[in-house]
> 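Mind looking over this structure? Questions follow.
All of these numbers come straight from a predicted model, not from anything done at the bench.
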Amino acid sequence: MKDYDVMVTRQRKWMFYLLALLVLAWGITPWKAFFLGTLLGGVLSFYNLWLMQRKMKQLGEVVADNRTMKGIGTFTRLASGALAVVIALQFEEYFHLIGVVSGLMTATVVIFIDAFINSSKDSTMEER
(Lines give C-alpha, C1' and ligand atoms only; values in the text may rest on other atoms or scores of the structure.)
Protein backbone atom coordinates (compact mmCIF):
# COMPACT_ATOMS: atom_id res chain seq x y z
CA MET A 1 0.00 0.00 0.00
CA LYS A 2 2.97 2.27 0.56
CA ASP A 3 3.86 2.12 -3.15
CA TYR A 4 0.30 3.15 -4.03
CA ASP A 5 0.43 6.12 -1.66
CA VAL A 6 3.76 7.23 -3.16
CA MET A 7 2.29 6.97 -6.68
CA VAL A 8 -0.81 8.96 -5.65
CA THR A 9 1.29 11.71 -4.11
CA ARG A 10 3.53 11.87 -7.17
CA GLN A 11 0.59 12.11 -9.59
CA ARG A 12 -1.12 14.81 -7.54
CA LYS A 13 2.11 16.78 -7.39
CA TRP A 14 2.47 16.67 -11.18
CA MET A 15 -1.15 17.76 -11.58
CA PHE A 16 -0.50 20.76 -9.31
CA TYR A 17 2.55 21.66 -11.40
CA LEU A 18 0.52 21.40 -14.58
CA LEU A 19 -2.30 23.53 -13.16
CA ALA A 20 0.23 26.17 -12.09
CA LEU A 21 1.68 26.14 -15.60
CA LEU A 22 -1.82 26.62 -17.04
CA VAL A 23 -2.42 29.60 -14.73
CA LEU A 24 0.84 31.13 -15.96
CA ALA A 25 -0.10 30.47 -19.59
CA TRP A 26 -3.51 32.06 -19.03
CA GLY A 27 -1.90 35.14 -17.49
CA ILE A 28 0.91 35.59 -20.01
CA THR A 29 -0.39 34.53 -23.41
CA PRO A 30 -3.02 36.28 -25.53
CA TRP A 31 -5.10 33.05 -25.77
CA LYS A 32 -7.04 33.72 -22.58
CA ALA A 33 -10.17 31.72 -23.47
CA PHE A 34 -8.24 28.61 -24.51
CA PHE A 35 -6.07 28.48 -21.41
CA LEU A 36 -8.96 29.36 -19.10
CA GLY A 37 -10.89 26.49 -20.67
CA THR A 38 -7.91 24.19 -20.26
CA LEU A 39 -7.62 25.33 -16.65
CA LEU A 40 -11.31 24.58 -16.02
CA GLY A 41 -10.94 21.14 -17.57
CA GLY A 42 -7.69 20.58 -15.67
CA VAL A 43 -9.25 21.44 -12.31
CA LEU A 44 -12.12 19.04 -12.91
CA SER A 45 -9.62 16.47 -14.19
CA PHE A 46 -7.70 16.85 -10.94
CA TYR A 47 -10.95 16.31 -9.03
CA ASN A 48 -11.59 13.18 -11.10
CA LEU A 49 -8.05 11.95 -10.40
CA TRP A 50 -8.49 12.50 -6.68
CA LEU A 51 -11.87 10.74 -6.71
CA MET A 52 -10.55 7.78 -8.70
CA GLN A 53 -7.52 7.37 -6.44
CA ARG A 54 -9.72 7.48 -3.35
CA LYS A 55 -12.14 4.91 -4.78
CA MET A 56 -9.30 2.60 -5.84
CA LYS A 57 -7.87 2.69 -2.33
CA GLN A 58 -11.31 1.87 -0.93
CA LEU A 59 -11.65 -0.96 -3.46
CA GLY A 60 -8.32 -2.41 -2.34
CA GLU A 61 -9.41 -2.34 1.29
CA VAL A 62 -12.78 -3.91 0.43
CA VAL A 63 -11.14 -6.73 -1.53
CA ALA A 64 -8.65 -7.33 1.28
CA ASP A 65 -11.55 -7.67 3.75
CA ASN A 66 -13.41 -9.98 1.32
CA ARG A 67 -16.39 -7.63 1.05
CA THR A 68 -18.19 -6.09 -1.93
CA MET A 69 -18.28 -2.50 -3.10
CA LYS A 70 -21.21 -0.75 -4.77
CA GLY A 71 -19.31 1.30 -7.34
CA ILE A 72 -16.13 3.16 -8.15
CA GLY A 73 -17.55 6.59 -8.95
CA THR A 74 -17.71 6.36 -12.73
CA PHE A 75 -20.98 8.28 -12.95
CA THR A 76 -19.61 11.09 -10.77
CA ARG A 77 -16.52 11.44 -12.95
CA LEU A 78 -18.60 11.47 -16.14
CA ALA A 79 -20.96 14.03 -14.60
CA SER A 80 -18.06 16.34 -13.74
CA GLY A 81 -16.89 16.16 -17.36
CA ALA A 82 -20.39 17.00 -18.53
CA LEU A 83 -20.49 19.88 -16.06
CA ALA A 84 -17.28 21.28 -17.54
CA VAL A 85 -18.73 21.14 -21.04
CA VAL A 86 -21.98 22.78 -19.93
CA ILE A 87 -20.04 25.59 -18.25
CA ALA A 88 -17.95 26.08 -21.40
CA LEU A 89 -21.05 26.20 -23.59
CA GLN A 90 -22.84 28.58 -21.23
CA PHE A 91 -19.90 31.00 -21.03
CA GLU A 92 -18.38 30.73 -24.51
CA GLU A 93 -16.77 34.15 -24.29
CA TYR A 94 -14.60 32.99 -21.37
CA PHE A 95 -13.98 29.27 -21.99
CA HIS A 96 -12.84 27.62 -25.21
CA LEU A 97 -14.58 24.23 -25.62
CA ILE A 98 -11.57 22.46 -27.12
CA GLY A 99 -9.46 23.81 -24.26
CA VAL A 100 -11.93 22.36 -21.74
CA VAL A 101 -11.89 18.96 -23.42
CA SER A 102 -8.10 18.92 -23.59
CA GLY A 103 -7.96 19.96 -19.93
CA LEU A 104 -10.25 17.08 -18.99
CA MET A 105 -7.65 14.69 -20.42
CA THR A 106 -4.73 16.01 -18.37
CA ALA A 107 -5.07 13.50 -15.53
CA THR A 108 -5.01 10.64 -18.03
CA VAL A 109 -1.85 12.02 -19.61
CA VAL A 110 -0.25 12.45 -16.16
CA ILE A 111 -1.12 8.85 -15.24
CA PHE A 112 0.33 7.47 -18.49
CA ILE A 113 3.54 9.49 -18.26
CA ASP A 114 3.96 8.56 -14.59
CA ALA A 115 3.45 4.87 -15.39
CA PHE A 116 5.91 5.03 -18.30
CA ILE A 117 8.62 6.81 -16.30
CA ASN A 118 8.30 4.52 -13.31
CA SER A 119 8.11 1.32 -15.34
CA SER A 120 11.38 2.28 -17.02
CA LYS A 121 12.91 3.01 -13.58
CA ASP A 122 11.74 -0.40 -12.33
CA SER A 123 13.22 -2.21 -15.33
CA THR A 124 16.62 -0.51 -14.88
CA MET A 125 16.63 -1.39 -11.18
CA GLU A 126 15.92 -5.06 -11.99
CA GLU A 127 18.92 -5.19 -14.33
CA ARG A 128 21.30 -4.28 -11.51
> Please list every donor-acceptor pair under 3.5 Å in which a side-chain atom of residues 64-76 meets a protein atom from a residue at least two apart or in another chain.
residue : atom : partner : partner atom : Å
Asp65   : OD2  : Arg67   : NH2          : 3.3

> Has Tyr4 got a side-chain atom pairing as donor or acceptor with Gln53's backbone, closer than 3.5 angstrom?
yes
> Would you check if Phe16 and Phe46 make a side-chain contact, meaning some heavy-atom pair closer than 4.5 Å?
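They are in contact (side-chain heavy atoms under 4.5 Å apart), so the answer is yes.
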> How far apart are the closest heavy atoms of Leu97 and Ala88, and which atoms are they?
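Of all heavy-atom pairs spanning Leu97 and Ala88, the closest is CD1-CB, 4.0 Å.
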> For residues Leu89 and Val85, determine if any side-chain heavy atom of one lies less than 4.5 Å from a side-chain heavy atom of the other.
yes
> For Trp31 and Phe35, take the angle between the two ring planes, folded into 0 to 90°, and tell me which bin it lands in: parallel under 30, tilted 30 to 60, perpendicular over 60.
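Tilted.
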> Indicate yes or no for a side-chain donor-acceptor contact from Thr29 to the backbone of Trp26 under 3.5 Å, with no hydrogens or angles considered.
no
> So do the side chains of Asp3 and Met7 get within less than 4.5 Å of each other, counting heavy atoms only?
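No; the side chains remain at least 4.5 Å from each other.
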> Please round to the nearest 0.5 Å and tell me the distance separating atom OG1 of Thr108 and atom CG of Leu49.
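Going from OG1 on Thr108 over to CG on Leu49, the span is 8.5 Å.
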> Ser80 side chain to Leu44 main-chain N or O, any donor-acceptor pair under 3.5 Å?
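No, the answer is negative, given that no donor and acceptor are paired below the 3.5 Å cut-off.
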> Say you draw a straight line from CD1 of Ile117 to CD1 of Ile113; how long is it, rounded to the nearest 0.5 Å?
6.5 Å
> So if you build clusters from Ile, Leu, Val, Met, Phe, Trp, Tyr with side-chain heavy-atom gaps below 4.5 Å, do Trp50 and Leu78 land together?
no
> Between Lys32 and Tyr94, is there a donor-acceptor pair closer than 3.5 Å when you use the side chain of the first and the backbone of the second?
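No; judged by distance alone, with no hydrogens or angles, the pair does not exist.
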> Would a distance-only check, ignoring hydrogens and angles, find a side-chain to backbone donor-acceptor pair under 3.5 Å from Asp114 to Val110?
no
> Do Leu51 and Ile111 belong to the same hydrophobic cluster, where Ile, Leu, Val, Met, Phe, Trp and Tyr are linked whenever their side-chain heavy atoms lie under 4.5 Å apart, directly or via other members?
no
> Once you measure the plane-to-plane angle for Trp14 and Tyr17, does it fall in the parallel (<30°), tilted (30-60°) or perpendicular (>60°) bin?
perpendicular
> Looking at every heavy atom in both Val43 and Leu19, which two are closest together, and how far apart are they?
N-CD2, 3.8 Å
> Can you check whether Val62 reaches Lys57 side chain to side chain, under 4.5 Å on heavy atoms?
no
> Answer yes or no: are there more than 12 heavy-atom neighbours, outside Ile98 itself, under 6.0 Å from its atom CD1?
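Check fails, neighbour count at 12 or below.
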> Show the nearest heavy-atom pair for residues Gly42 and Thr106, with the distance to one decimal.
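Minimum heavy-atom separation between Gly42 and Thr106: CA-OG1, 3.8 Å.
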> Are Thr38 and Val100 packed together at the side-chain level, in the sense that at least one heavy-atom pair is separated by less than 4.5 angstrom?
no
> Evaluate the side-chain proximity of Tyr47 to Arg77: yes if any heavy-atom separation is below 4.5 Å, no if none is.
no
> Which heavy atom of Ser45 sits nearest to which heavy atom of Met105, and what is that distance?
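Taking Ser45 first and Met105 second, the nearest heavy atoms are OG-C, 4.5 Å.
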